[in-house]
> 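Take a look at this one; I'll ask things after.
When a ligand or atom number is given, it counts from 1 through the structure's own listing order.
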Amino acid sequence: MGLAPANLESVCVFCGSSDAADPPLLADAARLGRGLAAADLTLIYGGGGVGLMGACAIAAHEAGGRVLGVIPHFLKEKERRLDVVETVVVSSMHERKQIMFERSDAFVVLPGGIGTLEEVVELLSWRRLDLHAKPVVFFSPNGFWEPLFQLFQHTVDHQLTPASFMQSWISVERIEDVIPALVGAPGDIQTPAVAARMT
Ligand code: AMP
C-alpha cells in the first residue's frame, strides 16, 4: 500500500534509547513504526534495539516495513544492534548522523534524552543555515518538547535567532498525527493528493 508521496520515501526517527521510558511512549514509538510500514516509508534510525528506537524499528520490521539502522561500531553492544534489519556500521557519531541525514527525506523527533536533543538541534541548525529544507515533525505528547521550543523562542526574543526559525518544524501531540503532518510540514514535500489520501 503506497500512501507516501512520490518524493517522500524515507523518514528518519530520532528518539530515546532508554528502556526505562514510560510504557505509553514505547507503545507510541511502536505505533509509529507500524504506521511507517503501512505508508510504505523506509525507517532510517540509529540501529539499536533499545528504548523507543528499538520499539519503533522492531514494530516497523514486524509489520513488513523497510528499516535501515545506522550504528557506530562502539555502540553495537551498548545499544543492542538489531540484527534482523539492514544495518550500516560506521566509525563515528558524525558519520552516523551524516548518513542518517543523507538517506532521509524527512525527520520525526520522538521524546528522548541528550542524544536525541543533540541530533535534532544539529538538524534544525542546518535548516537555519539553509543547508536543507527537509520536513521536521516533533511528537510532543503532553507538551514534552515545549521547554525546548521555549528555549528557541528565548533566543529569538534576544535577537539571536531569526523569528522565521520558529516556522522550521511542526509539533503534534498525538502519534497518529505524525505521518499526516510530515506531508504538511514546512519543507520541500508538497503533494496535496497524497495528503488527502492520508487523512
Ligand atoms: P538518547 O536520547 O540520549 O537516549 O539518545 C538517542 C540516540 O542518540 C542514541 O542512539 C544515541 O547513541 C544517539 N546519540 C547520542 N549522542 C549522539 C551524537 N553526538 N551524535 C549522534 N547520535 C548520538
Side-chain angles (χ1 to χ4, degrees), residues 10-33 36 41-61 65-129 131-132 134-152 168-169 171-173 175 178 182:
S10 55
V11 175
C12 179
V13 176
F14 292 137
C15 59
S17 59
S18 171
D19 282 327
D22 286 345
L25 280 184
L26 295 166
D28 281 337
R31 200 164 163 204
L32 177 64
L36 291 171
L41 291 166
T42 299
L43 167 64
I44 312 289
Y45 89 114
V50 288
L52 278 72
M53 56 199 288
C56 186
I58 290 166
H61 172 70
R66 290 182 305 277
V67 178
L68 175 69
V70 186
I71 195 164
H73 194 272
F74 77 98
L75 279 178
K76 281 195 308 184
E77 303 302 319
K78 188 167 180 242
E79 294 194 349
R80 295 206 310 268
R81 171 195 167 174
L82 267 192
D83 287 331
V84 290
V85 304
E86 183 185 349
T87 304
V88 179
V89 179
V90 296
S91 55
S92 71
M93 297 302 238
H94 289 300
E95 199 182 349
R96 177 197 230 184
K97 284 187 296 187
Q98 188 67 30
I99 291 177
M100 290 170 83
F101 175 74
E102 288 169 357
R103 298 289 291 265
S104 305
D105 298 321
F107 297 83
V108 172
V109 188
L110 305 186
I114 189 70
T116 304
L117 265 176
E118 198 272 350
E119 290 167 318
V120 72
V121 167
E122 180 175 77
L123 180 70
L124 290 175
S125 72
W126 287 358
R127 175 76 182 240
R128 153 90 176 88
L129 296 172
L131 292 176
H132 73 93
K134 299 183 183 187
V136 180
V137 173
F138 282 83
F139 170 52
S140 184
N142 303 310
F144 181 90
W145 288 113
E146 279 308 317
L148 180 65
F149 303 151
Q150 284 169 15
L151 180 58
F152 290 154
S168 304
W169 66 88
S171 177
V172 300
E173 296 230 345
I175 199 72
V178 168
L182 281 174

> Write out the residue and atom name of the closest protein heavy atom to atom 18 (C) of ligand 1, then the distance separating them to 0.1 Å.
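Looking at atom 18 (C) of ligand 1, the protein heavy atom closest to it is Glu118 OE1, 3.3 Å.
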> Would you say CD of Glu77 has more than 12 non-hydrogen atoms from neighbouring residues, nucleotides or ligands within 6.0 angstrom?
no
> Starting from atom 6 (C) of ligand 1, find the nearest protein heavy-atom neighbour and note its residue, name and distance.
Cys15 O, 3.2 Å
> Leu75 heavy atoms, cut-off 4.0 Å: which ligand 1 atoms fall inside?
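Matching atoms, with element in brackets: 12 (O).
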> I'd like to check whether Arg96 has a polar contact with ligand 1, where a contact means an N/O of the residue lying under 3.5 Å from an N/O of the ligand.
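Among all N and O atoms of Arg96, at least one is under 3.5 Å from an N or O of ligand 1.
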> Does the plane of the ring in Phe14 sit parallel, tilted or perpendicular to the ring in Phe107? Use 30° and 60° as the thresholds.
parallel
> Taking the six-membered ring of Phe101 as reference, does the NZ or CZ atom of Lys134 fall below 6.0 Å from its centre and within a 45° cone about the axis?
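Satisfied, under 6.0 Å and within 45°.
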> Which residue, Asp28, Val137, Ile175, forms the side chain to side chain contact (heavy atoms under 4.5 Å, CB included) with Leu110?
Ile175
> Quick one: nearest non-hydrogen protein atom to atom 9 (C) of ligand 1, plus distance?
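Nearest protein contact, heavy atoms only, for atom 9 (C) of ligand 1 is Glu79 OE2, 3.1 Å.
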> Can you check whether Gly113 has an N/O within less than 3.5 Å of an N/O in ligand 1?
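Yes; at least one N/O pair falls below 3.5 Å.
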> What protein heavy atom is closest to atom 23 (C) of ligand 1, reported as residue, atom name and distance in Å?
Met93 CE, 3.3 Å
> In the protein, what heavy atom is nearest to atom 5 (O) of ligand 1, and what distance, to one decimal place, separates them?
Gly115 CA, 3.5 Å
> For atom 22 (N) of ligand 1, what is the closest protein heavy atom, and at what distance to 0.1 Å?
Glu119 OE2, 3.2 Å
> Under 4.5 Å between any side-chain heavy atoms of Trp145 and Thr116, yes or no?
yes
